[in-house]
Amino acid sequence: MLKYSDIKQNKDINTYITHADDTLAELGFTEHSFSHVGKVAEDAAYILSTLGYPEREVELVKIAAHMHDIGNLVNRIEHSQSGAIIAFRILDKMGMEADELAKVVIAIGNHDEGTGVPVNAIAAALIIADKCDVRRSRVRNRDVTNFDIHDRVNFSVTESRLFIDENKENITLSITIDTTYSPVMDYFEIFLERMLLCRRAAEKLGLRFRLVINEQQII
């Protein structure tokens, strides 16, 4: 039975992730390497474990999270679909059982806001964890004068926290934005579609999605 640790330590998988992130760096995107996939795995696992899902489901969402952006190796466009195909080939070759492989591939193939749908719990948790990873450390460009809107928004986030309340009714992304670098409106310009997908994903998990910016509830 494949474990998250097996996937995380696999040299071939990590080589593909590195090359995919190098490509995104050339295209001017924020960091999509091991810091990102590690945080997504941690947050997705937190979501499912907090809601009482089986340990194996938690393990599978971590595997999906580690591999979810591997499709950027091919092209940024439709990277969730190409990533699902790449993941299928790798995990099938590694001997993952068909039912579990299907769940991982479904989650990877549905994580992008362009075409993604939270069709199951693993996909829903992956969507939320991925779309809520907004933080200053993802910005590669440190020349503030050359920031694009993605740089400005991510760099402006000084604090970010994703949490489920004690009653397990709401999942909240609470962020603090330094408006010196980006007005709150810029966040919505690039993240609104992602936040709406998070709301649908939260509903799949029986939760309400809340977005709090600078202590003000926005969604």
Side-chain angles (χ1 to χ4, degrees), residues 8 13-47 62 64-80 82-83 108 111-114 116 125-163 171-198 201 209-216 218-219:
K8 192 176 181 181
I13 292 172
N14 290 337
T15 296
Y16 301 148
I17 292 172
T18 298
H19 280 286
D21 185 57
D22 288 345
T23 297
L24 292 183
E26 288 295 321
L27 294 173
F29 284 87
T30 53
E31 181 266 328
H32 283 70
S33 190
F34 300 107
S35 176
H36 172 59
V37 300
K39 184 173 188 341
V40 173
E42 179 182 344
D43 286 348
Y46 158 75
I47 292 168
K62 290 193 290 184
H66 189 74
M67 302 180 73
H68 79 279
D69 272 337
I70 205 168
N72 288 303
L73 184 69
V74 178
N75 198 295
R76 179 62 179 174
I77 298 172
E78 297 184 351
H79 73 282
S80 57
S82 55
I108 294 173
H111 83 271
D112 188 61
E113 64 271 16
L126 177 59
I127 286 168
I128 295 171
D130 179 41
K131 304 313 169 193
C132 290
D133 183 20
V134 52
R135 50 191 163 85
R136 176 169 290 186
S137 57
R138 293 192 70 184
V139 178
R140 308 177 201 266
N141 176 20
R142 292 295 162 166
D143 183 356
V144 178
T145 61
N146 289 324
F147 275 1
D148 64 13
I149 188 171
H150 292 84
D151 292 332
R152 290 199 308 272
V153 169
N154 279 277
F155 195 81
S156 72
V157 177
T158 58
E159 293 182 37
S160 176
R161 182 185 174 215
L162 181 68
F163 63 94
I171 183 165
T172 301
L173 172 62
S174 178
I175 61 177
T176 301
I177 289 179
D178 182 349
T179 55
T180 302
Y181 298 101
S182 174
V184 173
M185 187 58 68
D186 279 2
Y187 182 92
F188 284 100
E189 184 174 339
I190 62 173
F191 281 103
L192 180 59
E193 189 176 3
R194 302 177 195 182
M195 296 298 97
L196 293 176
L197 181 57
C198 284
F209 180 75
R210 299 169 69 245
L211 173 64
V212 175
I213 299 179
N214 293 351
E215 300 184 351
Q216 298 293 318
I218 309 298
I219 296 177

If I compare all heavy atoms of Arg152 with all of Asp186, which pair ends up nearest, and what's the gap?
NH2-OD2, 3.2 Å
Hey, could you give me the CG/CG distance between Asp178 and Asn214, rounded to the nearest 0.5 Å?
9.0 Å
Less than 4.5 Å apart, any side-chain heavy atom of Thr172 and any of Phe209?
no
Has Leu196 got more than 12 heavy atoms of other residues, nucleotides or ligands less than 6.0 Å from its CG?
yes
Closest approach of Cys132 to Ser160 (non-hydrogen atoms, all atoms of both residues):
O-OG, 4.0 Å
Any ion pair linking Asp133 and Lys131 (charged N to carboxylate O, less than 4.0 Å)?
no
What residues, two or more places apart in sequence or in another chain, satisfy salt bridge (Lys or Arg N to Asp or Glu O under 4.0 Å) together with Arg136?
none
Scan side-chain atoms only and decide if Arg135 and Ser35 contain a donor-acceptor pair under the 3.5 Å cut-off.
yes
Intermediate values then yes/no, salt bridge (Lys or Arg N to Asp or Glu O under 4.0 Å), Asp21 and Arg140:
CA-CA 11 Å; Asp21 185 57; Arg140 308 177 201 266; 2.5 Å; yes
Here the gap from Asp130 atom CG to Glu113 atom CD, rounded to the nearest 0.5 Å, amounts to 8.0 Å
Using every non-hydrogen atom in the two residues, find where Ile108 and Ala64 come nearest and quote the distance to one decimal.
CG1-O, 3.8 Å
Step by step, would you call Lys39 with Asp43 a salt bridge (Lys or Arg N to Asp or Glu O under 4.0 Å)?
CA-CA 6 Å; Lys39 184 173 188 341; Asp43 286 348; 2.7 Å; yes
When rounded to the nearest 0.5 angstrom, what is the spacing between CG in Leu24 and CG in Asp69?
7.0 Å
Roughly how far apart are Met67 CE and Ile70 CD1, rounded to 0.5 Å?
4.5 Å
Check the pair Val153, Phe188 against side chain to side chain contact (heavy atoms under 4.5 Å, CB included), reporting the backbone distance first and the verdict last.
CA-CA 10 Å; Val153 169; Phe188 284 100; over 6 Å; no
Verdict with reasoning, Phe34 to Asn14, per side chain to side chain contact (heavy atoms under 4.5 Å, CB included)
CA-CA 8 Å; Phe34 300 107; Asn14 290 337; 3.3 Å; yes
Using only atom types and a distance under 3.5 Å, with no angle test, would you say the side chain of Arg142 pairs donor to acceptor with the backbone of Val139?
yes
Give the intermediate values and the outcome of side chain to side chain donor-acceptor pair (under 3.5 Å) for residues His19 and Asn72.
CA-CA 8 Å; His19 280 286; Asn72 288 303; over 6 Å; no
Interatomic spacing from CD1 in Ile47 to CD1 in Ile171 - rounded to 0.5 Å
4.0 Å
What's the spacing between Met195 CE and Ile190 CD1 if we round to 0.5 Å?
10.0 Å
Contact between His66 and Ile17 at the side-chain level, heavy atoms closer than 4.5 Å - yes or no?
yes
Would you say Arg76 and Phe29 make side-chain contact, with heavy atoms under 4.5 Å?
yes
Could you tell me whether the side chain of Glu31 and the main chain of His36 form a donor-acceptor pair under 3.5 Å?
yes
Answer with yes or no after comparing the ring centroid distance for His32 and His79 against a 6.0 Å cut-off, counting only values under it.
no
Please give me the minimum heavy-atom distance between Gly28 and Asp148, naming the atom from each residue.
O-OD2, 4.2 Å
Are the side chain of Asn146 and the backbone of Asp143 linked by a donor-acceptor contact shorter than 3.5 Å?
no
For residues Leu173 and Val212, determine if any side-chain heavy atom of one lies less than 4.5 Å from a side-chain heavy atom of the other.
no
For the backbone of Lys62 and the side chain of Lys8, can you confirm whether one donor and one acceptor N or O come within less than 3.5 Å of each other?
no
Test of ring centre spacing under 6.0 Å for Phe147 and Phe155
yes
Write down the atom of Ser182, the atom of Ile177, and the distance for their closest heavy-atom approach.
O-CG2, 3.5 Å
Looking only at heavy atoms, what is the nearest atom pair of Val40 and Ala65, with distance?
CG1-CB, 3.8 Å
